[in-house]
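Every chain is numbered from 1, with letters handed out A, B, ... down the list of sequences. Small disclaimer: the values here were computed from a predicted structure and weren't measured.
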Amino acid sequence: MFRSLVLSVVVMLSIVAQAAAQDVDLSTRVTAAVEQHILPRYARFATSARALSRAAFSNCNADDAELRRTYHAAFDDWVRVSHLRFGPSETDNRAFALAFWPDTRGKTPKALAGLIADESPAGLAAAELMQHSIAAQGFYALDYLLYDPTYMTMGVPEYRCELIRSLSEGIAVRAEEINGDWGQYFAAQMMAPSKAGAYHTSNEAAGELLKAVATGLQFTEEARLARPLGTFDRPRPKRAEAWRSGRSQLHVVLSLQATRELTTVLAGTTSVGERMDDAFETVLNNATFDDPVFAGVAEPIARLKVESLQQYVNALREQVVAEMTVALDVSIGFNALDGD
Amino acid sequence: MMRPIRMNEIPSKDRDSMKRTILGTSFVALISAGAAMADTAVLTTYADIAAAKYGDSTATAKVLGTAVDALIADPTEASLAAARSAWVAARVPYQQTEVYRFGNAIVDDWEGKVNAWPLDEGLIDYVDPSYGGTTDENPLAVANVIANPTLTVNGVEIDATNITPEFLAETLHEADEVEANVATGYHAIEFLLWGQDLNGTKAGAGARPASDFAANDACTGGNCARRADFLRAATDLLISDLMWMTSQWGEGGAAREAVLENEAVGLSAMLTGMGSLSYGETAGERMRLGLMLNDPEEEHDCFSDNTHNSHFYNGLGVQNVYLGSYTRIDGTVISGASLSGLVAAKDGDLDAEMQEKLGATMMALGAIKDAAEGGFAYDMMLEAGNAEGEALIMGGVNGFVDQTKSIERVVGALGLDGIAVEGSDSLDNPNAVFE
């Protein structure tokens, strides 16, 4: 409800935007976003996800240094594309299977414990596991197996080893599938819109990209920051994202960097582009305090920094949407970070 | 599911002022964008149907209340079966009201009391060991208030000696600010009548014995008197909450007044409710997510295995709001000027398209219902690798998604472009699934 009301403002602003339409070659902007932002990032993710799987096959001990290094590298690269939730990432629920979070009812630990306790054959082969519940797949499941002491010692080592390999291979396969689909057809559909493709006009394609920025920022604010913040009386540090592997704050930073790049590429070398860049810079400067898993939410002083960052991100989103819808003369339409 | 920041996490004062300000601004935009002024008669029909649906929900909840009294007075398998039947019957009109939820703030703010879901049922009563223990999310996930007259919530001791409607509504419901701590409404009652469904993706619902409500030595599951108190209190609350909402839609009621106050806003409420229930809520959170998780706990009516009916009557509610015609539980029909007529006057093809889409969704939901009633339970459809089940459920999902596109076109045709349809993570591609 709250969201839909905010969005009605967005729509209102887009009405204003039509009045103030500027001369922007949207086709060029979309092409730049695809070629400079999307394709290189997915290519990099596919490479690092494959490296993770290779490392798991060569050594599947949860505390193996190379396995953990490749895990972090691949997870970084996922977060760098995690705002691009349309097209190939949605085919066959790939993004859901890579990243099932937040897990508000503890489905992931329950699903993993079930697999391990039963030594379920589903965990022994990536192809099988990829047909299984999304709660038992992807980075957030692997986070338990690599960093949670309970899951690092649960059941028999041989089974855990195969499960880690299957999870890693599933991540690699999906990363390669998404990357492949972009190269094979989706980039073309975005850059050369047609009635037969996913986008009828460059305007629609640009709207999709701007919506990805807005949704990415909204997710950072509402999930990555608001969830651990909870309320002043009831902070929820254990709801921080990937706190087991110490990645919570890093995800905020990586995602801000990624949405900054997409925004500025879309804006091109314009005064709006400069203002956007400055606005992101300010927020990023307020995102690097020393609190990697947002444990500070439970302490009054440290909490202020997280709260302040949340407010910065919120204001940033409003500014980006307000200015960019006008500059590009696009509507971002209905956003979906609502539900119940 | 995605329950990022929900309205109830925003202090209500801020929420209200925000709503007024934002809506106030967007009205201006709507009007300046040339919004169509509607025939008030369409809105009157909408409010009349709401009053009838909530009235039917109240009446069937009272029948449930009588059945619950009979169960508690004489707990036999027959009296338990009668109470369960009454619960299933009570869901028929209520699920059709859900289309009123998203567009009408008064309904949305209230709905958590009567239909909160999903729940951590271990808060309420005993659960199977496979259920697990406390989680990162909910320290009260296995608090079992029926067995424990004292609870500790966030370090504070709570007296749960007397299980009363007030205790459930004001203390236990959403205890510790966790939404899965559901102590009131249909699903809490459902859990008390059926118990956990431990059949996984096999057929079969919860199998609580009637003796869980028996006196003295015949009592199974322990603390039968407290369990009966809980059931009685939750049922009483449900009845009083539904009565309250029925009166809001009666002559002079706040919900009716809000809809009739401004024509563009009233129409927006109708279409927002139709779109949000179709897309984000039913297709996304309730259907597709469960399929991706292959998890029968994600079933909307997971204890009773009544999920096929829940989805079906959600769909029917959307359809009857558009057509302006609702068949009451006693068979009488409430109908009048409709959204369909309004659209037809502007664009006949669009009205035909909308009607066809709504009909197609009902066919798909009917197929799920028929299959479930024929023995192919919704649980079984969710099983990993069950292609037939996946096809049935996705048929319903696709119907809802498809009709949402037509609802958006209707919004455009009526010049109401300012409204937004609440979407869903599991459909609409934001960065993650919120459960």
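Looking only at heavy-atom pairs under 4.5 Å with chain B, the residue among A:Lys110, A:His132, A:Arg234 that has the most is A:Arg234. Ranked by heavy-atom pairs shorter than 4.5 Å toward chain A, the options B:Asn294, B:Asp176, B:Leu291, B:Asn138 are led by B:Asp176.
Heavy atoms of A:Ala135 lying under 4.5 Å from chain B belong to its backbone as well as its side chain.
Atoms CD and OG1, from B:Glu179 and A:Thr104 in turn, are 8.5 Å apart once rounded to the nearest 0.5 Å. The CG atom of B:Leu293 sits 4.5 Å away from the CZ atom of A:Phe100 when rounded to the nearest 0.5 Å.
Closest approach of A:Asp233 and B:Asn154 over heavy atoms only: O-ND2, 3.8 Å.
Residues of residues 236-244 of chain A that come closer than 4.5 Å to chain B, counting heavy atoms only, are A:Arg236, A:Lys238, A:Arg239, A:Trp243, A:Arg244, ordered by residue number.
Between B:Glu137 and A:Lys107 no salt bridge is recorded (no basic side-chain N to carboxylate O distance below 4.0 Å).
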